[in-house]
There are 2 protein chains.
Amino acid sequence: MKRGQIQTHITRTRVLRHIRESVATSRIEISRALSMDRSTMTHVINDLIGDNLIREEEGLSPRNSGRKPVMISLNGDYGMIMGLEIQPGFYRMTLMDMAGAIRERSMGSHDFSLPADMVSAAIDETGGKGYPPLLGIGLALPGTVDPYKGLLIESPALDLCDYPLTDMGGIPLVMDNDANCFARFVLSGEAREAGNMVCLIGESHRYGRTGLSARDDIGIGLVINGQIYYGSHFTAGEPGGSPFYPRALARLDKSEESAYLAALFRYLENSLYLLDPEVLHIGGELVNFDRKDLDLTSLIPPGCSVEYGKEDNFEISTGAAHMFRDRLFSPVLPGEEKTIIDAIRWENLPGYGRRSDS
Amino acid sequence: MKRGQIQTHITRTRVLRHIRESVATSRIEISRALSMDRSTMTHVINDLIGDNLIREEEGLSPRNSGRKPVMISLNGDYGMIMGLEIQPGFYRMTLMDMAGAIRERSMGSHDFSLPADMVSAAIDETGGKGYPPLLGIGLALPGTVDPYKGLLIESPALDLCDYPLTDMGGIPLVMDNDANCFARFVLSGEAREAGNMVCLIGESHRYGRTGLSARDDIGIGLVINGQIYYGSHFTAGEPGGSPFYPRALARLDKSEESAYLAALFRYLENSLYLLDPEVLHIGGELVNFDRKDLDLTSLIPPGCSVEYGKEDNFEISTGAAHMFRDRLFSPVLPGEEKTIIDAIRWENLPGYGRRSDS
DNA sequence: CCTTTATGTTGATTCATTCAACATAAAGGA
DNA sequence: TCCTTTATGTTGAATGAATCAACATAAAGG
């Protein structure tokens with residue numbers, strides 16, 4: 001980073017965001033999108049190229065007259081991001097480069113009681129494979145998580161309380177609830193536009209099982225105006241205090257799956273009306289459920305559509321990776337280096353220099 | 001406004017906000033709060049004084065050494081804001097100056113079928129009283145409202161559909177749902193800090209009645225991260241599709257009020273867990289209810305407190321006035337002059353000049 | 001009266017940005 | 001092949017909101 005001011009940092013971040021959101025773009029296109037001068041873009045882009053964050057490409061140029069633009073795209077080899085989902089007894093991992101391309105995925109069982117040990121093992125596992133340097137880690141955990149402090153507040157599934165983890169030997173780490181990571185996965189895809197979503201997952205707490213049992217759980221990630229909503233005590237999306245609570249259900253056999261879903265949606269009905277989301281996303285184990293004789297139209301508000309995830313079940317770990325990757329595309333304000341910054345509001349933007357006074 | 005750039009506009013707005021939030025403050029205090037240089041503040045404050053938006057005061061100065069600061073505060077006489085709540089058959093009005101002081105309140109019955117006629121009558125009524133000029137109007141209506149377009153989408157109570165209103169003879173007007181205006185009222189008070197709230201009102205649709213009847217309604221305003229949440233179709237907070245729906249209740253006599261409230265909170269229970277709000281605010285007609293033998297602790301999530309409004313019932317029209325007043329403390333981006341700007345996200349901040357290219 | 005301590009002002013400097021002019025590159029006709 | 005058209009991209013001077021550094025002002029307290 002050549003020039004040191006905060007304004008530069010914000011502009012660089014805005015440019016990087018635009019490049020991330022378009023497959024390939026040009027200096028002029030970015031300058032138009034951000035309402036800035038072409039010459040400004042020349043400076044910013046050349047600085048970013050100098051820092052190895054982006055690169056010029058020989059790319060396609062759909063023009064019928066005039067000079068062809070020099071295409072710009074993110075430099076995937078700048079570094080790697082690891083996304084890790086840890087459940088009791090098993091894990092899933094997604095290794096992603098800075099351009100967002102998935103380079104490797106794996107899953108398996110584990111015996112670790114502390115997430116840090118599992119993370120450490122995953123880092124060792126991918127260490128000697130010649131990947132670009134590891135920039136950071138996104139961690140998805142079942143339970144109540146404070147992602148700003150990097151604290152697992154409570155997790156009955158993992159049998160942990162007030163468990164902090166903010167880095168692994170200098171490599172920064174961010175954590176969030178698994179349902180929220182699923183929501184981040186959905187946000188990273190087509191649903192990138194700022195919108196409102198309810199993201200519902202069923203989390204199996206035993207490796208290899210499908211379907212849910214009494215030890216398992218459902219989780220809800222809420223997206224409000226394009227951002228994860230945590231609530232006032234990081235328990236937003238956690239069902240509770242209700243006559244219907246999935247945890248109380250005994251093991252289901254196949255014939256009951258459809259009835260389970262129907263009961264679940266009746267439980268959610270009021271909240272869906274109140275929240276007025278654009279779409280309800282369903283992922284995790286619930287996708288595997290038999291839903292042939294289930295008609296949701298009567299249980300879901302008129303303007304709300306339903307989407308089922310694909311069944312590869314790596315959505316949560318991939319969303320965890322996206323959580324850290326998003327940090328690279330957010331400005332870091334002085335004094336808030338350690339937190340997840342989803343969206344800075346203009347009211348909080350600091351002055352552009354350092355003040356001469358305390 | 002002396003200097004024409006957008007950056008100036010944003011800085012001025014940030015300064016005005018800080019002045020609004022403190023009873024009286026000084027140049028140095030603001031410069032510290034906004035992390036800007038003292039000399040910058042000299043320029044900005046002097047410009048704002050030149051524009052009559054703020055003024056210096058002979059104010060108190062709690063210092064025991066050093067030069068006393070020159071106190072700065074908003075100039076209430078800069079202009080007036082009218083907040084108007086229109087219900088079928090009656091209205092309430094709050095007249096507020098730019099400093100937020102309430103100058104006049106009134107209520108009464110009316111026979112208008114179109115809100116515009118009611119607004120017009122209210123403007124005429126306050127016209128010749130020697131107030132500072134009317135800067136704008138905030139309108140609270142029962143029903144589904146698109147405040148960005150200035151459109152009453154649907155109001156069964158007022159028997160209107162797709163009714164637009166964005167200004168009255170050159171005076172800008174913004175409208176919102178009545179429950180959201182109540183939420184804005186709460187936000188303008190102690191609960192100014194960014195937080196999460198559920199604001200519940202009972203709206204009586206007959207002048208002079210207390211209690212609710214089958215023609216009446218409840219309304220919910222949701223505050224998420226310190227901002228009104230509208231949902232994807234502006235129906236957030238509207239109950240629906242439920243076995244319990246207040247509209248279906250027959251007239252209540254006094255003995256049933258407590259049971260009514262209990263049923264209402266059972267209806268809301270799941271949603272309160274899901275939303276994890278800091279506080280549940282109750283206003284409008286519901287405040288008048290007999291709630292002696294009602295214990296909410298078992299129906300409300302642990303971390304959530306309950307606040308009842310004072311019983312003057314002008315909360316909604318006052319909140320409507322605050323809605324317009326908030327516009328004066330938000331930057332207006334080019335191309336978005338007509339919308340309510342609650343919070344601009346840094347991603348959308350434009351460049352600081354006009355681009356040399358389309 | 002002089003020191004201390006704070007607030008507020010002034011003029012020079014900084015630096016991201018714009019502006020205006022120019023350079024580069026490709027297409028398409030003459 | 002040359003010349004016009006049309007677009008992208010670059011360069012250096014100008015702009016302007018901010019900082020910096022020095023000074024001015026004001027009040028308290030020995």
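Just so you know, these numbers use all the heavy atoms, side chains as well, and skip hydrogens, waters and symmetry mates. So you know, we letter chains A, B, ... as the sequences are listed, proteins then strands, and number each from 1.
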Looking at D:dG9, D:dC20, C:dT10, which one has an atom nearest to any side-chain atom of B:Asp37? D:dC20
Taking atom OH as the centre, does B:Tyr78 end up with more than 12 heavy-atom neighbours from other residues, nucleotides or ligands that are less than 6.0 angstrom away? no
Looking only at side-chain atoms of B:Ser39, point me to the closest of D:dT8, D:dC20, C:dT7. D:dC20
A side-chain contact here means heavy atoms from C-beta on lying under 4.5 Å apart; do A:Gln7 and B:Gln7 qualify? yes
Of all the choices, C:dT17, D:dT8, D:dA22, which nucleotide is nearest to the side chain of A:Gln7 once you look at every atom? C:dT17
Starting at CG of A:Leu48 and ending at P of C:dA16, how long is that distance when rounded to a whole Å? 13 Å
Could A:Arg184 and A:Asp176 be called an ion pair, given the rule that one side-chain N must be under 4.0 Å from one carboxylate O? yes
Pick the closest DNA chain C nucleotide for A:Thr40 and for B:Glu29 by heavy atoms, then say which residue is nearer the 5' end. B:Glu29
Do B:Ile10 and A:Leu349 make a side-chain contact, defined as non-hydrogen atoms from C-beta onward lying under 4.5 Å apart? no
Identify which nucleotide among C:dT7, D:dT8, D:dG9 has an atom closest to any side-chain atom of A:Arg32, counting heavy atoms from C-beta outward. D:dT8
Quick one: which of C:dT17, C:dT9, D:dA17 gets closest to the side chain of B:Arg38? C:dT9
Using Watson-Crick or G-U wobble pairs with both distances under 3.5 Å, give me DNA chain D in dot-bracket, 5' to 3', with [ ] for crossers and | for pairs to another strand. ||||||||||||||||||||||||||||||
Between B:His9 (NE2) and D:dG16 (P), how many Å, whole number? 18 Å
Could you write out each protein N or O paired with an N or O of nucleotides 27-30 of chain D at a distance under 3.5 Å?
residue, atom, partner, partner atom, Å
D:dA28, O3', B:Asn64, O, 3.3

Rounded to the Å, how far apart are B:Arg14 CZ and D:dA17 P? 15 Å
Donor on one side chain, acceptor on other, A:Tyr230 and A:Asn180, under 3.5 Å: no
For the pair made of CZ in A:Arg27 and C1' in C:dT18, what is the distance, rounded to whole Å? 18 Å
Please examine the side chains of A:Ser188 and A:Met96, heavy atoms only from C-beta on, and report whether any two atoms are closer than 4.5 Å. no
List the residues meeting side chain to side chain contact (heavy atoms under 4.5 Å, CB included) with A:Ala33, not counting sequence neighbours, and say none if there are none. A:His18
Atom-to-atom span, CZ of B:Arg12 to P of D:dG16 - whole angstrom: 16 Å
Non-hydrogen side-chain atoms of A:Met41 and A:Met36 separated by less than 4.5 Å: yes
Within less than 4.0 Å of OP1 or OP2 of C:dT17, is there a side-chain N or O belonging to A:Thr11? yes
Kindly indicate, with the supporting measurements, whether the criterion side-chain contact (heavy atoms from CB on, under 4.5 Å) is fulfilled by A:Val279 and A:Val223. CA-CA 10 Å; A:Val279 53; A:Val223 175; over 6 Å; no
Taking the side chain as every heavy atom from C-beta outward, state whether B:Ile224 and B:Asn196 have any pair of such atoms under 4.5 Å apart. yes
For the pair made of CD1 in B:Ile6 and P in D:dG16, what is the distance, rounded to whole Å? 14 Å
I need the CG-P distance between A:Asn46 and D:dT8, as an integer number of Å. 17 Å
Could you tell me how far apart A:Met36 (CE) and D:dT8 (C1') are, to the nearest whole angstrom? 18 Å
Considering just the side-chain nitrogens and oxygens of A:Thr8, establish if one lies under 4.0 Å of OP1 or OP2 belonging to C:dA16. yes
